[in-house]
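Below is one structure, written out as structure tokens, with a few remarks after it.
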Amino acid sequence: MALVKYNNRSILNVTALDSLASGGLNLLATNNITSGVSSSSFTSNIDSTYDTYLFKFINMHPASTNTHFRVNFRDGGSNFDASKTTTTFFSRHKEDDSNASLGYDNSRDLANGTGYQDIYFDTGANASDECGSGTLFLFSPSSTTFVKHFMSVSSSYGDTPRAYHNFMAGYCNTTSAIDGVDFKFSSGNIDSGVIKMYGLSKS
Amino acid sequence: MSIVTLNNRALKDATAVGTTTGLGDLVFISRSTASSSSSLSITSGIDSTYKEYIFVFNNIHPATDGANFQVNFRDGGSDYDATKTTTFFNAFHDEADANTGLNYFAAHDLAQSTSFQSISLAVGADNDQSTSGKLHLFEPSNTTFVKHFISQFDSYESTNYSTNYFVAGYCNVTAAIDGVQFKFSSGNIDSGTIDLYGVN
């Protein structure tokens, strides 16, 4: 058989290459929200295939005002109610150049609580451009030995209006596997936004 | 030149295609697995190939209860002793809901020191306790600038706290950084993995 030499032009439109190593960031699912939904869940592909999962939430826009974007985890069964201990802190600054601050927020952390954990807060639907974006890492969700650590960093547009830089981290205090993640607002629907889930290659 | 028609069969067993050296912006480089290890050193794959490297840590578990997880950098030779100036702060919250806070932690920053830098403190050694997180190292092969790094960890501490640690700083050298070492302040790394990625 003749030796075939490929060049950039000849494989311009190839979209998949069997057995070729992929990149380290593997897109597993995309929840593209274009009309109101009460929550956005990821209930498949969270397993031992990857040790590190990355969620990117982009331009999450609520239907209600003064509401908080939240997350919870499923550790068996159908409910998102894993016990969590967390920390939350943020910096903020109003558009009128007031209220610049940095502080721990003990009204939004959890101490072995099963409720939803705030990722960012006080955002709203007062203006069509209000939203929040950020990332959440989830470590070794399928481990049945250790607790499950997670960390989130986000930027959000507060209702007042002001900019927030939000930091949240903690662990699901369970040795059961985490097999689902749910995002929602504290009140009202998710009006629009995109949430992507990636797995980070481990070989 | 004739038109070459490709199909799945023609490319099925290809493992490399011309100048395409990576697909995607995050490229897996290596995994280091601890097994009662005194330290984990990563001495290959850190060069001029990428401008940014990310180390991802999963369930780093100490043999000694309450030990601090630490990092140091190699700037030539065989020792991990690059001079560093760093900042260190954390947010903490205990499971009993009795204590919270956000503090700069001067006892754990460095000022032109060659010592190891703590990046996650007081990690518990109970069976389910560990620390997980990430560390970014920027352009380690640059010989003009200092070498910046940024880390974030969540630690399940020996006293049943969730603590979120933030460390950043720079290796104050213009020599290339070609190796990174991780260890606990006392005792072995009982278990855990460290994955190294390059960012295109």
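These values consider heavy atoms only, across backbone and side chains, with no hydrogens, waters or symmetry-generated copies. Here is how names work: the chains are called A, B, and so on, in the same order as the sequence lines, proteins then strands, and each is numbered from 1.
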Is it the backbone or the side chain of A/T175 that comes under 4.5 Å from a heavy atom of chain B, or both, or neither? side chain
With ring-ring contact (aromatic ring centres under 6.0 Å, His included) as the criterion, how do B/Y156 and A/F146 come out once you've worked through the C-alpha distance, each side chain's angles and the decisive distance to 0.1 Å? CA-CA 10 Å; B/Y156 188 2; A/F146 295 107; 9.9 Å; no
For B/D195, is it the side chain, the backbone, both, or neither that has a heavy atom closer than 4.5 Å to a heavy atom of chain A? side chain
Part of A/S143 lying under 4.5 Å from any heavy atom of chain B: side chain
Honestly, the part of B/S30 sitting under 4.5 Å from a heavy atom of chain A is neither
Students often mix this up, so state it plainly: with edges at 30° and 60°, are the rings of B/H136 and B/F138 parallel, tilted or perpendicular? parallel
In terms of ring plane angle, is the pair A/F73 and A/F150 parallel, tilted or perpendicular, where the classes change at 30° and 60°? tilted
Most contact-rich option vs chain B, by heavy-atom pairs under 4.5 angstrom, among A/V153, A/N173, A/T144, A/L102, is A/N173
Between A/T174, A/N106, A/L200, which has the largest tally of heavy atom pairs under 4.5 Å with chain B? A/L200
Do any pairs count as a ring pair (Phe, Tyr, Trp, His ring centres under 6.0 Å) and have a residue in residues 173-196 of chain A, sequence neighbours left out, and if so which ones? A/F55-A/F183, A/F69-A/F183, A/F69-A/F185
Could you name the residues of residues 164-172 of chain B that have a heavy atom within less than 4.5 Å of a heavy atom in chain A? B/N164, B/F166
Counting only heavy atoms closer than 4.5 Å, note whether B/Q152 contacts chain A via side chain, backbone, both or neither. both
Counting C-beta onward and ignoring hydrogens, is there a side-chain heavy-atom pair between A/S38 and A/N189 closer than 4.5 Å? yes
If you count heavy-atom pairs within less than 4.5 Å of chain A, which of B/K134, B/R31, B/H61, B/Q129 leads? B/R31
May I ask you to establish whether A/K184 and A/Y116 are in a cation-pi arrangement, using a distance under 6.0 Å from NZ or CZ to the six-membered ring centre and at most 45° from the ring axis? yes
We want to know whether A/N45 and A/Y53 form a side-chain donor-acceptor pair, criterion being a heavy-atom distance below 3.5 angstrom. no
At a heavy-atom separation under 4.5 Å, does B/D94 approach chain A through its side chain, its backbone, both, or neither? backbone
Test item: side-chain donor near acceptor, A/D109 and A/Y104, under 3.5 Å: yes
The interface call for B/N103 against chain A, heavy-atom contacts under 4.5 Å, is neither
With a 4.5 angstrom heavy-atom cut-off, is it the side chain or the backbone of B/Y197 that approaches chain A, or both, or neither? side chain
Contacts of A/D105 that satisfy salt bridge (Lys or Arg N to Asp or Glu O under 4.0 Å) - sequence neighbours left out: A/R108
Residue part contacting chain A, namely of B/T33, when any heavy atom lies under 4.5 Å: neither
Tell me, side chain or backbone of A/L27 under 4.5 Å from chain B's heavy atoms, or both, or neither? neither
Which of A/T135, A/L136, A/I119 passes side chain to side chain contact (heavy atoms under 4.5 Å, CB included) with A/S154? It is A/I119
Any side-chain heavy atom of A/F139 sitting closer than 4.5 Å to one from B/V56? yes
Got a sec, which residues hit ring-ring contact (aromatic ring centres under 6.0 Å, His included) with B/H93, two or more places apart in sequence or on another chain? none
Taking side chain as everything from C-beta outward and backbone as N, CA, C, O, which of these in A/Y171 sits under 4.5 Å from a heavy atom of chain B? Side chain, backbone, both or neither. both
Does A/T88 reach the side chain of A/N166, with side-chain heavy atoms less than 4.5 Å apart? no
